[in-house]
Number of protein chains: 2
Amino acid sequence: MDTGTPTPRRRMRADARRNYERLLAEAAAAFAEHGADFSLEGIARRAGVANGTFYGHFATRRTLLEALLGDRMRTLAATGTELLAARSPFEGLATWARAAMVHTTIYRGLGAALMQAVEDETSELHTACKAVLAAGEELVARARTAGEVRPDVTAPDLYALVNAAAWAGEQSSPPQGERLLAFGLDGFRTSATGRE
Amino acid sequence: MDTGTPTPRRRMRADARRNYERLLAEAAAAFAEHGADFSLEGIARRAGVANGTFYGHFATRRTLLEALLGDRMRTLAATGTELLAARSPFEGLATWARAAMVHTTIYRGLGAALMQAVEDETSELHTACKAVLAAGEELVARARTAGEVRPDVTAPDLYALVNAAAWAGEQSSPPQGERLLAFGLDGFRTSATGRE
DNA sequence: TAGAAAAGTTGAGACTGTCTCGATATCTTT
DNA sequence: AAAGATATCGAGACAGTCTCAACTTTTCTA
């Protein structure tokens, strides 16, 4: 579905493409090791290019992170679509939510970037986010039709829950994130409609 | 309950105390305006002291933020205790949760600091957090006894939910945070115990 | 394939911010 | 009022972000 090779915008000169990829590779390594707060200058240094070159490819830290995330997001959306075939609609939804949370947790520190990307049209990630949201929407719609979740649950609710739970897990401990996700999902269920 | 005057550790020299207070005041203003990412150097500048003086009072950004938050936290704990008198235990809990979320939202960007402070014994805020957690625990316990929330709901769950919802509200829109909180609280309810 | 045009790279440098520390100034105490 | 304890000062060592004009490499085209 995806070559694994990062996707620069258009045709690039050969040397430019080489640098682009080296930078992205270094960034991925730095990210895996330190989260989102690595030094951009350091990335350039380790990739063996001048920092001006770095900025030529990625105007801001955000641009870089977005390039890093795009592929993952698309995969997640695909997983969502597969789960539409799950026996229980609610279970499909819950399974997907857990997978999404793991995804977000791996990219620790990026929850904020993700949340903002959905709303920001200028974000590179916007398209990918929309796809994820669409996948979520389908899962939610199916569960709703089956009467397994409340009628007022929306895809953005799901998206927010997943990201918030991932965030909570990052701040305290991963199990806390999972608990939160579980409670939230239960809050989505039809049986939870506490009339007051 | 609280003089409103920030609380330096011990007896300080008069000039030192004056500087301490000016710094804290500037920090509060900067915080209100830009969230947690203001420049420490700038605070010193605006307070009219050398930056070395700043660092003499607050070793790290965190120290400063903690000083800024302590009082608010204590207030929140007190509110929790008052709400123990609410007619409906669940409503008392929910009301407090909403208040706590507002509190956290005002101090936008500090959710992370709060979450970590609970677990970090070296934090100035640790005591205040414990107090908040204790207040939450009492509210949860009361609701649990009344059979209004699941038996496995804990104060840390509540704490995590509130902070995560506040975070979500910061990232997208405040209403999204409130929705998340509502779903989470419903997930806490006894009726939501989806056996599977 | 040479030369021109396009595309990309370079690294110095202008800023800003974090943090340290010895010299200096200011309180407090006796 | 002098000594001693406390603070403040501000220069300076670093690191990071970002820009830009000069320069180099690639690609295009005749």
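In this entry the distance linking OH of A:Tyr20 with C1' of C:dT9 reads 17 Å, nearest Å. The OH-P distance, from B:Tyr55 to C:dG17, rounds to 10 Å in whole Å. In this structure, A:Arg62 atom CZ and D:dT17 atom C1' are separated by 17 Å, rounded to whole Å. C:dG17 atom C1' lies 15 Å from atom NE2 of B:His34, rounded to whole Å. If you take CG of B:Leu40 and C1' of C:dT16, they are 12 Å apart, rounded to a whole angstrom. For the pair B:Phe54 CZ and C:dT20 P, the computed distance is 12 Å after rounding to whole Å. One can place CD1 of B:Ile43 at 15 Å from C1' of C:dT16, the figure rounded to the nearest angstrom. Atom CZ in B:Arg11 sits roughly 16 Å away from atom C1' in D:dA7 (whole-Å rounding).
Contact check, B:Thr53 against D:dA7: no side-chain N or O comes under 4.0 Å of OP1 or OP2. For B:Arg18, no side-chain nitrogen or oxygen approaches OP1 or OP2 of D:dA7 to under 4.0 Å. Phosphate proximity of C:dG8 to A:His57: absent, as no side-chain N or O sits under 4.0 Å from OP1 or OP2.
Both cation-pi conditions hold for B:Arg61 and B:Phe38: the charged atom is under 6.0 angstrom from the six-membered ring centre and inside a 45 degree cone around its axis. Within the cation-pi definition used here (under 6.0 Å to the ring centroid, within 45° of the axis), B:Arg150 does not qualify as a partner of B:Phe188.
Taking for each of A:Gly48 and B:Glu41 the nucleotide of DNA chain C with the nearest heavy atom, the 5'-most of the two is the partner of A:Gly48. Residues B:Gly52 and B:Ala16 each lie close to DNA chain D; by heavy-atom proximity, the contact nearer the 5' end of the strand is made by B:Ala16. Nearer the 5' end of DNA chain C, as judged by each residue's closest nucleotide, is the contact made by B:Gly42, out of B:Asp15 and B:Gly42.
Salt bridge annotation for B:Glu66-B:Arg62: present, with a cationic side-chain nitrogen under 4.0 angstrom from a carboxylate oxygen.
Within the 4.0 angstrom heavy-atom criterion, only backbone atoms of the sugar-phosphate kind lie near A:Asn19; the bases stay farther away. Across all strands, A:Ser39 comes closer than 4.0 Å only to sugar-phosphate atoms, never to a base (heavy-atom distances).
Taking only distance into account, the side chain of A:Arg13 meets the base of D:dT25 through a donor-acceptor pair shorter than 3.5 Å.
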